[in-house]
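See below for the structure under consideration.
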2 protein chains.
Amino acid sequence: MTKRNPLTPLKTYNAKATQAAILDAAEEEFAKHGLAAAHTEVIATKSGATKTMIYYYFQNKEGLYLAMLKRAFVERFQEIQAMNLDQLAPDIALEQFLHYFLSQLNKNPNLPMIMLYEAMQNQGKYHEEIEILEFYRLLSTILKGGVASGVFRPLDPQHMAVNLIGTCVFYFCAKENIKHLWEKKRLLGKEMLTQHQQEAIRFVLAGVRA
Amino acid sequence: MTKRNPLTPLKTYNAKATQAAILDAAEEEFAKHGLAAAHTEVIATKSGATKTMIYYYFQNKEGLYLAMLKRAFVERFQEIQAMNLDQLAPDIALEQFLHYFLSQLNKNPNLPMIMLYEAMQNQGKYHEEIEILEFYRLLSTILKGGVASGVFRPLDPQHMAVNLIGTCVFYFCAKENIKHLWEKKRLLGKEMLTQHQQEAIRFVLAGVRA
DNA sequence: GTCTATAACCTGATAGAC
DNA sequence: GTCTATCAGGTTATAGAC
């Protein structure tokens, strides 16, 4: 039943390549359906591997899910931390954060859905593993500093952090509901992604400025 | 296996009451897991009815899902249309829209998740049935008018409509990921919901103002 | 309209060969 | 490390009695 996909043949037996192919396929599939509704058979077929290999490398479906989560989030968060945003002026830090974060989403439009599925369907079970709290806290700190120094209007830093992330990610998550708003434009095409990035940044900066 | 829930007994055989109980339970369950991952058994138990009744009234799981969707969305959108927002000044119209929309979400915090599951997991299959495009178009029209009259800054009305809805709904969808940002506060408690409503309205109004 | 019991199917996971 | 074949368990949906 499960056959290698002839379009993406694995030339030789290669553990790393197989694992990477499975994780890539898992990212797509979990982003589409969430942990509970994703099917290992589909992931296997997409990756060009077999179900057996999934269980060989990742023990079970949830093990694969967690490995996928970690790969998708942890390294990206570390890159943001490495930007040392807390040492910049709050308005500059926020703009750089938004620019970088939205660029990351444009590169991997699956991330928003994976993040929301983890919250909605999986009830935030692995919120610690993806270090999402630190992510929001970093953003809150920037906002708090901006309010204190007067460059931002009075606002609640934590609510603002959440609402601002909502602005960035919703476009990706709701794409199948909103795509008919635009005729002949691919929502994940380069043109539209750039426009979303610009519009989101302008909206947020205008929304926090004093 | 499936037994009536003694806490919510149906006194006598009553078609309307049974259907309503099933739809209520379905709303909760579909909001938690989406169509594909929701279990009819759970819906039956929660509603105090049996699986058989679900199939009797709604043919199959997807029939129940669609009935739930329509009940949840259509009437609410009609209420927004009845507000005749297009006859008000754009800034007033937007503020009224936000206030009303966020009040609706506070009353039924399941709506954002149902909406996003329909887009993400169900690929927007029933976007026509829930008339979601009209919803965004109404909002776009208000924004466009505000830009034209100069009360709003230059912005793309469609992107802004999407980003703004994202700000309103994300809080509800991400709640299991963000709840640890606040100690000892229930995110769906009255206090926090009111605060979210205020913060979201202020953010959006500040973000569009010229 | 409602129930119990069960059919039919699907999918996560494993055994065992190579 | 990888494959084929299969099991075990769970879930949708229905049959038939009341």
Side-chain angles (χ1 to χ4, degrees), chain A residues 1-26 28-30 32-68 117 121-122 125, chain B residues 1-26 28-30 32-68 117 121-122 125:
Chain A
M1 207 134 314
T2 306
K3 295 236 179 79
R4 280 189 181 287
N5 183 341
L7 294 175
T8 56
L10 298 176
K11 278 90 183 180
T12 57
Y13 288 178
N14 183 330
K16 291 266 183 232
T18 303
Q19 289 179 52
I22 291 172
L23 283 168
D24 288 343
E28 259 190 57
E29 189 63 9
F30 286 129
K32 254 191 199 152
H33 303 106
L35 170 58
H39 296 336
T40 54
E41 175 77 44
V42 176
I43 295 172
T45 305
K46 257 190 204 159
S47 69
T50 60
K51 270 198 288 183
T52 315
M53 296 319 298
I54 292 175
Y55 293 96
Y56 178 72
Y57 284 119
F58 303 99
Q59 286 67 253
N60 50 38
K61 186 164 82 158
E62 191 153 346
L64 171 60
Y65 174 74
L66 182 53
M68 177 281 298
Y117 268 125
Q121 196 182 64
N122 215 30
K125 183 174 176 183
Chain B
M1 209 134 314
T2 305
K3 294 239 178 76
R4 278 189 182 288
N5 181 343
L7 294 175
T8 57
L10 297 177
K11 277 92 185 178
T12 58
Y13 288 179
N14 183 331
K16 291 266 184 230
T18 303
Q19 290 179 53
I22 292 173
L23 283 169
D24 289 343
E28 258 189 57
E29 189 63 9
F30 286 128
K32 256 191 199 151
H33 307 287
L35 170 58
H39 295 338
T40 54
E41 175 77 43
V42 176
I43 295 172
T45 305
K46 256 190 204 159
S47 70
T50 60
K51 272 195 288 181
T52 316
M53 298 319 300
I54 292 175
Y55 293 96
Y56 178 72
Y57 284 119
F58 303 100
Q59 285 66 255
N60 49 38
K61 187 164 81 157
E62 190 153 347
L64 171 59
Y65 174 75
L66 182 54
M68 177 281 297
Y117 269 124
Q121 196 182 65
N122 215 31
K125 183 173 175 184

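So you know, we letter chains A, B, ... as the sequences are listed, proteins then strands, and number each from 1. Side chains included, hydrogens not; waters and symmetry mates left out as well; all remaining heavy atoms used.
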Whole-Å distance, B/N60 CG to D/dT14 C1', equals 12 Å
Is B/Y56 close enough to C/dG1 that one of its side-chain N or O atoms is under 4.0 Å from OP1 or OP2 there?
yes
note: A/F58, atom CZ; D/dG1, atom C1'; distance rounded to Å ~ 14 Å
| message | Measuring to OP1 and OP2 of D/dT2, would you say a side-chain N or O of A/T18 lies under 4.0 angstrom away? | response | yes
ask   = Do any side-chain nitrogens or oxygens of B/T40 fall under 4.0 Å of OP1 or OP2 in D/dT12?
value = yes
Result for salt bridge (charged side-chain N to carboxylate O under 4.0 Å, His left out) between B/E41 and one of B/K46, B/K61, B/K51 points to B/K51
Separation of D/dT11 atom C1' from B/H33 atom NE2, nearest Å, is 14 Å
Practice prompt. Given salt bridge (Lys or Arg N to Asp or Glu O under 4.0 Å), test B/E62 with B/K125 step by step and report yes or no.
Written response: CA-CA 11 Å; B/E62 190 153 347; B/K125 183 173 175 184; 2.5 Å; yes
Whole-Å distance, A/K51 NZ to D/dA5 P, equals 13 Å
Item checked: Phosphate-side-chain proximity, A/Y57 and D/dT2, N/O vs OP1/OP2 below 4.0 Å -> yes
Problem - Check: C/dT4 base within 3.5 Å donor-acceptor of B/T50 side chain - result: no
Rounded to whole Å, the CD-C1' distance (B/E41 to C/dT4) equals 12 Å
Would you say the side chain of B/L64 lies within less than 4.5 Å of the side chain of B/Y55, judging by non-hydrogen atoms? no
Residue pair B/Y55/B/T52 against DNA chain D: nearer the 5' end by closest nucleotide is B/Y55
B/I54 atom CD1 is separated from D/dT11 atom C1', nearest whole Å, by 12 Å
Could you check B/H33 against B/H39 for side-chain contact (heavy atoms from CB on, under 4.5 Å), going step by step and ending with a plain yes or no? CA-CA 9 Å; B/H33 307 287; B/H39 295 338; over 6 Å; no
**Q.** Ring centres under 6.0 angstrom apart (B/Y65, B/F30)
**A.** yes
Atom CE of A/M53 and atom P of C/dA15 are separated, to the nearest Å, by 16 Å
Here the distance between atom C1' of D/dG1 and atom CD1 of A/I22, to the nearest Å, is 11 Å
Under 4.0 Å, counting only non-hydrogen atoms across every strand here, what does A/A38 touch: a base, just sugar-phosphate, or nothing? sugar-phosphate
query: Between C/dC10 and A/H39, is there an OP1 or OP2 to side-chain N/O distance shorter than 4.0 Å?
result: no
